[in-house]
Number of protein chains: 2
Amino acid sequence: MTIIPATKAEPGDTRERILDVALDLFIEKGYDKTSLREIAEGLGFTKAALYYHFPSKQDILMALHYRSHSLLADSMASLKELDSDPAAWADIFDRQIDDMLANRKLFLMHERNRAALESIHEKDHDQGHQDLEDHFRRILQNPKVPLRSRVRLACAQGALLGGLMISGLSFTEVPVDELAGLLRETVRDTLGAPGS
Amino acid sequence: MTIIPATKAEPGDTRERILDVALDLFIEKGYDKTSLREIAEGLGFTKAALYYHFPSKQDILMALHYRSHSLLADSMASLKELDSDPAAWADIFDRQIDDMLANRKLFLMHERNRAALESIHEKDHDQGHQDLEDHFRRILQNPKVPLRSRVRLACAQGALLGGLMISGLSFTEVPVDELAGLLRETVRDTLGAPGS
DNA sequence: GTCTATATTTCGATAGAC
DNA sequence: GTCTATCGAAATATAGAC
């Protein structure tokens with residue numbers, strides 16, 4: 001398995017088209033139950049042709065993972081404050097909400113293929129691949145952070161994912177701005193009042 | 001595929017032992033990447049013996065699904081109020097929190113195998129199989145319920161799942177009562193003040 | 001109820017022509 | 001860049017003995 005950087009070539013590129021088709025199928029049927037044959041059929045050519053663009057099926061999933069990874073780069077930049085200061089969490093979530101809403105499908109895929117993603121994630125130690133979720137996990141296990149704050153952090157992350165997942169399916173007609181506002185206010189309440 | 005009722009025979013029953021082993025493996029590796037051979041090895045006998053107890057691999061997953069289904073039976077009973085009265089939602093979640101905390105593994109499995117569960121869920125129309133999540137989905141698509149309430153409902157469900165999932169991994173040493181209290185208060189905030 | 005085979009299928013991956 | 005053809009592995013499921 002080789003690591004494929006998340007470079008976006010010009011649109012219409014076969015490589016990107018493969019990822020788009022795979023993304024839809026991974027959401028609809030899940031990674032494991034999606035065969036390369038199905039992906040190829042969705043593109044109008046055969047299974048073997050995929051291997052010109054991706055050395056393995058896992059690399060297709062990896063490439064999609066890197067898409068979301070690069071999307072959250074901005075949120076990642078401000079992660080250092082995350083450990084020490086629970087009061088700053090809400091702002092970080094605010095930024096995340098925008099990123100995620102703009103790319104719902106990517107995170108829907110992530111949500112529906114946790115097992116598959118984690119199994120390739122383990123083999124990723126060669127790269128300095130610091131994941132947003134890894135960072136969350138570390139905070140949640142940090143005994144210096146009050147338990148109450150940790151529970152609320154875990155719930156806030158779940159609330160955001162839950163809201164996005166449902167919104168990706170049920171609230172497609174609602175303007176993103178309105179949705180973002182509602183999510184922001186809800187996540188803030190989940191995190192709790194700063195002085196509570 | 002046949003439907004297997006969630007009857008609990010006496011403990012030590014092979015059937016239940018199979019489900020326990022399968023539950024652990026489905027959480028750890030995911031349904032798709034867990035082979036019948038692995039399940040059988042965890043029990044000390046061979047793959048073929050499983051087929052005496054379950055007609056197919058999917059039926060093992062189904063049986064586990066029915067376990068969680070029966071666990072939420074109580075919460076289901078009070079679901080009729082759910083559509084009309086957002087103020088009553090918090091109470092229903094309260095009941096759910098207890099049920100889910102007492103059976104974290106089951107819902108952890110559910111969370112990590114959404115794709116697999118949904119694919120068998122579609123073939124389940126023969127049974128009058130009213131799912132809790134189905135019911136939620138219906139409310140979330142009901143235009144009579146204010147959008148703000150629907151978003152908060154979706155987020156509350158996500159918050160609960162997120163909290164449980166993390167707690168199932170990180171907060172194992174925390175007493176359930178304390179955890180339940182924190183989750184209750186957090187979910188309430190996620191749903192929002194009754195009069196807000 | 002559990003075993004030893006074995007049947008059957010499907011899929012990921014490769015080789016090599018065009 | 002895409003094709004045909006095929007390999008090899010792994011998994012689900014079955015048949016029938018004990």
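Proteins come first, then strands; the chains are lettered A, B, ... in the order of their sequence lines, and each starts at number 1.
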In whole Å, what is the span from the [atom1] atom of [X] to the [atom2] atom of [N]?
{"X": "B/His53", "N": "C/dG1", "atom1": "NE2", "atom2": "P", "value": "6 Å"}
{"X": "A/Arg17", "N": "D/dG1", "atom1": "CZ", "atom2": "C1'", "value": "12 Å"}
{"X": "A/Phe54", "N": "C/dC11", "atom1": "CZ", "atom2": "P", "value": "20 Å"}
{"X": "B/Tyr52", "N": "D/dA13", "atom1": "OH", "atom2": "C1'", "value": "18 Å"}

Nucleotides 15-18 of chain C: which of its N/O atoms have a protein N/O under 3.5 Å away?
none

Contact between [X] and [Y] at the side-chain level, heavy atoms closer than 4.5 Å - yes or no?
{"X": "B/Ile39", "Y": "B/Phe54", "result": "no"}
{"X": "A/His110", "Y": "A/His65", "result": "yes"}
{"X": "A/Glu178", "Y": "A/Val174", "result": "yes"}

Would you list the pairs meeting salt bridge (Lys or Arg N to Asp or Glu O under 4.0 Å) in which at least one residue belongs to residues 23-36 of chain A, sequence neighbours left out?
->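 Pairs touching residues 23-36 of chain A that pass the test: A/Asp24-A/Lys105, A/Lys29-A/Glu38, A/Asp32-B/Lys33, A/Lys33-B/Asp32.
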
Sugar-phosphate only, base, or nothing, as touched by B/Phe45 at under 4.0 Å among non-hydrogen atoms |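 Counting heavy atoms under 4.0 Å across all strands, the contact made by B/Phe45 is with sugar-phosphate only.
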
From the set [options], return the single nucleotide nearest to any side-chain atom of [X].
{"X": "B/Lys57", "options": "D/dT12, C/dA13, C/dT2", "answer": "D/dT12"}
{"X": "A/Lys47", "options": "D/dG1, C/dG12, D/dC3", "answer": "C/dG12"}
{"X": "A/Tyr51", "options": "D/dT12, C/dT14, C/dC3", "answer": "C/dT14"}

Does A/Asp189 have any side-chain hydrogen bond (donor to acceptor under 3.5 Å, both in side chains) partners at least two apart in sequence or in another chain, and if so, which?
->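 With neighbours one apart ignored, the set is B/Arg152.
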
Residue list, side-chain hydrogen bond (donor to acceptor under 3.5 Å, both in side chains) with B/Asp20, at least two apart or on another chain |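 Here the qualifying residues are B/Arg67.
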
Is there a donor-acceptor contact under 3.5 Å from the side chain of B/Arg150 to the main chain of B/Leu140?
->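 Judged by distance alone, yes, a pair lies under 3.5 Å.
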
Does B/Thr46 have a side-chain nitrogen or oxygen under 4.0 Å from the phosphate oxygens OP1 or OP2 of C/dC3?
->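 For C/dC3, OP1/OP2 do have a side-chain N/O of B/Thr46 under 4.0 Å.
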
Which of residues 28-41 of chain A sit near DNA chain C, with a heavy atom under 4.0 Å from it?
->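 Within this stretch, A/Thr34, A/Ser35, A/Leu36 sit under 4.0 Å of the strand.
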
Evaluation steps, salt bridge (charged side-chain N to carboxylate O under 4.0 Å, His left out), between A/Asp91 and A/Arg184 = CA-CA 9 Å; A/Asp91 294 327; A/Arg184 248 187 279 277; over 6 Å; no

Please list all pairs passing the ring pair (Phe, Tyr, Trp, His ring centres under 6.0 Å) test where one or both residues lie in residues 20-39 of chain B, with sequence neighbours left out.
->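 Applying ring pair (Phe, Tyr, Trp, His ring centres under 6.0 Å) to every pair that reaches into residues 20-39 of chain B, excluding sequence neighbours, yields B/Phe26-B/Tyr31.
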
